[in-house]
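Have a look at the structure below before the remarks.
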Amino acid sequence: MGRNMALPLVMALVALVASLPSASPATAGTAGAFDNWLSANQKDFAITQALYAKKAVGDTGNSIDESLAKAEDNKTTFVVDPKGGGDYKTITAALEAVPEGNTRRVILDLKPGEYREKIFINISKPYITFKSDPKNPAIIAWNDIAATLGKDGKPVGTVGSTTVAVESDYFMAYGVVFKNDAPTAKPGAKGGQAVALRTFGTKAAFYNCTIDGGQDTLYDHKGLHYFKDCLIRGSVDFIFGFGRSFYENCRIVSIVKEIAVLTAQQRTKTIEGAIESGFSFKNCTIMSEGGGDIYLGRAWGDSSRVIYAYTEMSKEVVPVGWDGWEVKQPESSGIYYGEFKCSGPGSDARKRVGWAVDLTEAQAKPFMGTHYVFGDSWILPPPTGNSPPSKKTSSGGATATSPAASPSSSPESASSASSPKSASLASSPESASLASSPESGYSAGKSKTKKEL
């Protein structure tokens, strides 16, 4: 866009935001604070729309991040086959061949089979894609839990339990099964967290993937993430973290006959400063395999935010829907739980807790699309079809195919708390305390029954 157009755009943006309904100042009651919060989200959406419009008509007409566009123009493929028919037998070996500071899209074409590996993708290796056939997928599996002892003789914790940890940006996966197959923790058990996938890098997309585990299945840790046509299975808090993520056309399945909690969103900032975090679900399906009660979410943070739109909810979803957990006054803390035009026997918003919101279309619109995760600048179609020929030497990797080190001895398999970036997370406000992931919370003395809620 030419410079002469910048001023009119800014003036239009100011006028647009000013035209939105203003909420009355927060009062000692809850209505004022809630109105302010709803209005803040709508204004944030208006600003986002204007920025998208500016980017879309820019000099190049290309709204995709420049670095991402360059990476996509320079793709390479490594074929990984556990039976020995590819460039590498293990995912770990293929990742070791990706150079530090990688600047090109590297597609790991994963042939069918189980990959018994514990994977850690460092921040220095962005633009990685895991691609498989969703009808005959690659299964990446491990069975650590938070109580598993590490090399130092101490429990690895929730972070260390992860089967696949992605700390790099611009990660993509298609048709892959991420699995933690440790036995499902009993209600109230300590150290039973068993993460199948942890995504800490930003601008990550997952298509037709299965994320399978028990307690704490998916650590949606931090950053912008997009999940489409995925199956997510678990028990307690099995989608949790501080991420800003959009889930579209996903199946979310409880596997237990006891109480299940779908989400534990972590945001703990003030209402005004917390717009950047939260989970949004659209056109999803919530169901139970075990038959136990299902809560839509509970507040890991005092400003926790989760939205469900056009989502089908089975009869196992409890009428109250939501749990404030340890937040004493969820109606005034900044918690924002909303539903819009959901369906199914568990979807009656009139029976929800008083501080959950039955959203209007205007209130729901900011969350109901990839714009919620600024997707116009980075979301690309899934990598279906045939991959380009393998060029493993052109990306700076070794030409020899050799078995990767076992998870117990390779650097990637060590608890991600040992990496420089992870080591600093314990002090970051986004992650709170990594050692203190959401506990089961439904043990004796801490649990809340439907009647108590």
If we ignore hydrogens and angles and just use 3.5 Å, is the side chain of [X] paired with the main-chain N or O of [Y] as donor and acceptor?
X      : Y      : answer
Asn283 : Asn249 : no
Trp378 : Val373 : yes
Ser161 : Thr158 : yes
Tyr372 : Gly278 : yes
Ser280 : Phe367 : yes
Arg251 : Leu231 : no
His371 : Pro366 : yes
Asp87  : Val79  : yes
Arg352 : Pro319 : yes
Asn180 : Asp144 : yes

When you look at Gln363 and Ile307, which way does the side chain to side chain contact (heavy atoms under 4.5 Å, CB included) test go after all the steps?
CA-CA 11 Å; Gln363 292 165 348; Ile307 306 297; over 6 Å; no
Pair Thr129-Lys75, side chain to side chain contact (heavy atoms under 4.5 Å, CB included): steps then yes or no
CA-CA 10 Å; Thr129 292; Lys75 295 179 182 177; over 6 Å; no
Kindly compute the distance separating [atom1] ([X]) from [atom2] ([Y]), expressed to the nearest 0.5 Å.
X      : Y      : atom1 : atom2 : answer
Ile232 : Thr217 : CD1   : OG1   : 9.0 Å
Leu262 : Cys284 : CG    : SG    : 10.5 Å
His221 : Thr199 : NE2   : OG1   : 10.0 Å

Tell me every residue that passes side chain to side chain donor-acceptor pair (under 3.5 Å) with [X], counting only those two or more places apart in sequence or in another chain.
X      : answer
Asn74  : Arg104
Lys228 : none
Tyr247 : Asp220
Glu248 : Tyr226

Counterpart residues, side chain to side chain contact (heavy atoms under 4.5 Å, CB included), relative to [X] (two or more places apart):
X      : answer
Asp73  : none
Pro134 : Tyr174, Asn208
Ala94  : Phe78, Val80, Tyr88, Leu108
Glu289 : Arg233, Val253, Ile255

Just say parallel, tilted or perpendicular for the rings of Phe130 and Phe178, cut-offs at 30° and 60°.
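The rings of Phe130 and Phe178 lie parallel, inter-plane angle below 30°.
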Once the angle between the rings of Phe227 and His225 is folded into 0 to 90°, is it parallel (under 30°), tilted (30 to 60°) or perpendicular (over 60°)?
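Phe227 vs His225 ring planes: perpendicular.
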Strictly by ring pair (Phe, Tyr, Trp, His ring centres under 6.0 Å), give each pair with a member in residues 145-164 just once, sequence neighbours left out.
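Residue pairs with at least one partner in residues 145-164: there are none.
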Test: Lys125 and Glu167 ion pair at under 4.0 Å
no
Closest non-hydrogen atom pair between [X] and [Y], with its separation:
X      : Y      : result
Met172 : Pro381 : SD-O, 4.1 Å
Pro126 : Asn102 : O-ND2, 2.8 Å
Tyr337 : Asp323 : CE1-O, 4.4 Å
Gly86  : Asp81  : N-CB, 3.5 Å
Thr162 : Leu197 : CG2-C, 4.1 Å
Arg298 : Val236 : NH2-CG1, 3.7 Å

Take Ser124 and Asn122, measure what side-chain hydrogen bond (donor to acceptor under 3.5 Å, both in side chains) needs, and give me the verdict at the end.
CA-CA 5 Å; Ser124 66; Asn122 191 279; 3.2 Å; yes
Criterion side chain to side chain contact (heavy atoms under 4.5 Å, CB included) on Leu296 and Met313, from CA distance to verdict:
CA-CA 9 Å; Leu296 298 174; Met313 301 180 180; 4.0 Å; yes
Salt bridge (Lys or Arg N to Asp or Glu O under 4.0 Å) involving Glu66 - partner list, sequence neighbours excluded:
Lys70
Do the ring centers of Phe171 and Phe206 come within less than 6.0 Å of each other?
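Distance test on ring centres: under 6.0 Å, yes.
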Within the structure provided, determine whether Phe238 and Ile252 are in side-chain contact (heavy-atom separation under 4.5 Å).
yes
Test of understanding: with ring-ring contact (aromatic ring centres under 6.0 Å, His included), list the residues that count as partners of Tyr308, not counting sequence neighbours.
Phe281, Trp322
Run the ring-ring contact (aromatic ring centres under 6.0 Å, His included) test against Tyr127 and tell me which residues pass, sequence neighbours left out.
Tyr170
Under the side chain to side chain contact (heavy atoms under 4.5 Å, CB included) criterion, do Trp300 and Asp237 qualify, and how do the steps go?
CA-CA 9 Å; Trp300 188 14; Asp237 301 333; over 6 Å; no
Ser277/Gln265 under side-chain hydrogen bond (donor to acceptor under 3.5 Å, both in side chains): CA gap, chis, key distance, verdict
CA-CA 9 Å; Ser277 178; Gln265 211 279 328; 2.8 Å; yes
